[in-house]
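Taking it in order: structure first as structure tokens, then the write-up.
Sequence lines set the chain letters: A, B, ... in the order given, protein chains first and strands last, and positions in each chain run from 1.
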There are 2 protein chains.
Amino acid sequence: MFSIGTLSDRTGVKIPTIRYYEEMGLLPEPERTAGNQRRYTQAGLDRLGFIKHARDLGFTIESIRALIDLNDHPDHSCATANAIATSQLDDVRAKIARLQRLETELVRIATHCDGKGRASDCYVLTSLADHSLCETAH
Amino acid sequence: MFSIGTLSDRTGVKIPTIRYYEEMGLLPEPERTAGNQRRYTQAGLDRLGFIKHARDLGFTIESIRALIDLNDHPDHSCATANAIATSQLDDVRAKIARLQRLETELVRIATHCDGKGRASDCYVLTSLADHSLCETAH
DNA sequence: TCTTGAACCTCTAGTTACTAGAGACGTTAG
DNA sequence: CTAACGTCTCTAGTAACTAGAGGTTCAAGA
Ligand SMILES: [Zn+2]
Ligand SMILES: [Zn+2]
Ligand SMILES: [Zn+2]
Ligand SMILES: [Zn+2]
């Protein structure tokens, strides 16, 4: 049996976050000692590792809830898991695309200002005031 | 003089968000009608456009506050504006790099599952449970 | 001038995924 | 047995909004 601190050390998930996951229904309520402290089994540790990995890959709590549910029902079809992963990939790609457009504009903005002028003719401020200077939609 | 709804229509910023910006100190408190409704000048409209553009480029409220402050002091050095823009660019690049690592893993995960199997041997679930299958740190 | 419907007002609370802190209690090594 | 550290619950705070309730004001047409 592991204490919450041990779980935290082994997974890198902070203690309040573990309690938060429990409250959100991602982790089942563990056993308690006579003094009311949480005690986890190996299964609890494994599940927390699963959650942590999914969070690191950007899945939402909501998605993880569904994925865990599938994990708990091995006989179900994995269509939902596939849909969640695919949609997560789409999300990530959309975010990358948006950030790359921002990068384009920010490079332009940052390179046209050396930080040594006056605010009145600073390219950073000018281009924030005028979107028509931008090369992309964003 | 423009009503808040007109400002919203012209900038694409929603009405509650305009009020929020005012509360955050990004927009000065505008004049009011006898009936207590906000009435903006062209300067107010321009400033909201500035804020909107900066938000679209990912600057935080905190950064925008500093940028506006510079805009209001044309004689100041633009070093701060340069620093803010450069740091924003660094942020964006760091986010892109992270998302690209996630993309790598998600492509692997999504392509190894066709969504037609059982949860018990679904590659999505397997690889969420086991980070050692990953190609990158993330 | 009156009316009516759209626009506006303030205030509270909810969103996401945590994080921080207070004050009290439990556990364990020496 | 006691000191030091771990853990408990609960509340509130973070960023940047968004939604809704319940009430008031504005503007245009009859
Ligand atoms: Zn400059
Ligand atoms: Zn632009
Ligand atoms: Zn599958
Ligand atoms: Zn991994």
Side-chain angles (χ1 to χ4, degrees), chain A residues 1-27 29-40 44-45 48 50-68 84 87-88 91-92 95 98 102 138, chain B residues 1-27 29-40 44-45 48 50-68 84 87-88 91-92 95 98 102 138:
Chain A
M1 304 295 273
F2 312 111
S3 70
I4 197 169
T6 304
L7 245 70
S8 175
D9 290 344
R10 297 236 197 145
T11 59
V13 177
K14 288 180 189 156
I15 290 174
T17 306
I18 296 174
R19 292 198 275 247
Y20 171 74
Y21 289 157
E22 179 182 326
E23 202 181 6
M24 291 301 101
L26 297 190
L27 284 173
E29 294 189 11
E31 286 182 44
R32 301 279 185 142
T33 63
N36 201 35
Q37 298 193 358
R38 291 168 179 82
R39 287 297 179 269
Y40 296 90
L45 179 55
L48 182 57
F50 183 100
I51 296 168
K52 161 85 162 131
H53 197 205
R55 284 296 301 130
D56 284 350
L57 287 167
F59 290 92
T60 64
I61 299 284
E62 202 45 33
S63 295
I64 296 172
R65 209 194 305 278
L67 291 168
I68 283 176
I84 290 172
S87 135
Q88 175 62 14
D91 265 25
V92 165
K95 277 181 183 147
R98 169 158 187 265
L102 299 198
H138 52 98
Chain B
M1 303 294 273
F2 311 110
S3 70
I4 197 169
T6 304
L7 244 71
S8 175
D9 290 344
R10 298 237 197 144
T11 60
V13 178
K14 288 180 188 156
I15 290 174
T17 305
I18 297 174
R19 291 197 276 247
Y20 171 75
Y21 289 158
E22 179 182 326
E23 202 182 5
M24 291 300 101
L26 297 190
L27 284 172
E29 293 190 11
E31 286 182 44
R32 301 278 186 141
T33 64
N36 200 35
Q37 297 193 1
R38 291 168 178 82
R39 285 299 177 268
Y40 297 89
L45 179 56
L48 182 56
F50 183 99
I51 295 167
K52 160 86 162 130
H53 196 205
R55 284 296 299 131
D56 284 349
L57 288 167
F59 290 92
T60 63
I61 300 283
E62 202 44 35
S63 295
I64 296 172
R65 208 194 307 277
L67 292 167
I68 283 176
I84 289 172
S87 133
Q88 176 63 12
D91 266 26
V92 165
K95 277 181 182 149
R98 169 159 186 266
L102 300 197
H138 53 97

Are any protein N/O atoms closer than 3.5 Å to N/O atoms in nucleotides 15-19 of chain D? If there are, list each pair with its distance.
residue : atom : partner : partner atom : Å
D:dA16  : O3'  : B:Arg55 : NH2          : 3.4
D:dC17  : OP2  : B:Tyr21 : OH           : 2.9
D:dC17  : OP2  : B:Arg55 : NE           : 2.6
D:dT18  : OP2  : B:Thr17 : OG1          : 3.0

Next item on the list: Could you tell me the separation between the CG atom of B:Leu7 and the P atom of C:dC9, rounded to a whole number of Å?
Entry: 11 Å
Note to self: If you assign each of B:Thr6 and A:Ala34 to its closest nucleotide in DNA chain C, which residue comes earlier from the 5' end?
What the structure shows: B:Thr6
Check: Rounded to the nearest 0.5 Å, what separation is found between the CD1 atom of A:Ile51 and the CD1 atom of A:Ile18?
Finding: 9.5 Å
Next item on the list: Please state how far atom CE in A:Met1 lies from atom P in C:dT28, giving the value in whole angstrom units.
Entry: 13 Å
Check: Any sub-3.5 Å donor-acceptor pair from A:Thr11's side-chain atoms to A:Leu7's backbone N or O?
Finding: yes
Next item on the list: Quickly work out the A:Leu27 CG to C:dA17 P distance and round it to whole Å.
Entry: 15 Å
Item checked: Gap between atom CD1 of A:Ile61 and atom CZ of A:Arg55 - 0.5 Å precision -> 5.5 Å
Checklist line | Check: A:Ser63 main-chain N/O paired with A:Gln88 side-chain donor or acceptor under 3.5 Å | finding: no
Next item on the list: Give, for atom CG of B:Leu102 and atom CG of A:Leu57, the distance between the pair rounded to the nearest 0.5 Å.
Entry: 6.0 Å
Check: How many angstroms lie between atom OH of A:Tyr20 and atom CG of A:Leu26, to the nearest 0.5 angstrom?
Finding: 8.0 Å
Next item on the list: Considering only NZ, NE, NH1 and NH2 on the basic side and carboxylate oxygens on the acidic side, decide whether A:Arg38 and A:Glu22 come within less than 4.0 Å.
Entry: yes
Check: Does B:Arg19 reach the main-chain N or O of B:Glu23 with its side chain, forming a donor-acceptor pair under 3.5 Å?
Finding: no
Note to self: Any carboxylate oxygen within less than 4.0 angstrom of a Lys/Arg side-chain nitrogen, looking at B:Glu62 and B:Arg65?
What the structure shows: yes
Next item on the list: Measure the OH-CG distance between A:Tyr21 and A:Leu27 for me, rounded to the nearest 0.5 Å.
Entry: 9.0 Å
Check: Looking only at side-chain N and O atoms, does B:Thr33 come under 4.0 Å of OP1 or OP2 in D:dC26?
Finding: yes
Check: Distance-only, no hydrogens or angles: does the B:Ser8 side chain make a donor-acceptor pair with backbone N or O of B:Val13 under 3.5 Å?
Finding: yes
Next item on the list: Work out how much the helix from C:dT1-D:dA30 to C:dG30-D:dC1 bends between its end axes, five pairs an end, to the nearest 10 degrees.
Entry: 10°
For nucleotides 8-12 of chain D, tabulate all protein N/O to nucleotide N/O atom pairs closer than 3.5 Å, reporting atom names and distance.
residue : atom : partner : partner atom : Å
D:dC8   : OP1  : A:Arg38 : N            : 2.8
D:dC8   : OP1  : A:Arg38 : NH1          : 2.9
D:dC8   : OP2  : A:Arg19 : NH1          : 2.4
D:dC8   : OP2  : A:Arg38 : NH1          : 3.3
D:dT9   : OP1  : A:Arg32 : NH1          : 3.3
D:dT9   : OP1  : A:Arg32 : NH2          : 3.2
D:dT9   : OP2  : A:Arg38 : NH1          : 3.1
D:dT9   : OP2  : A:Arg38 : NH2          : 3.0

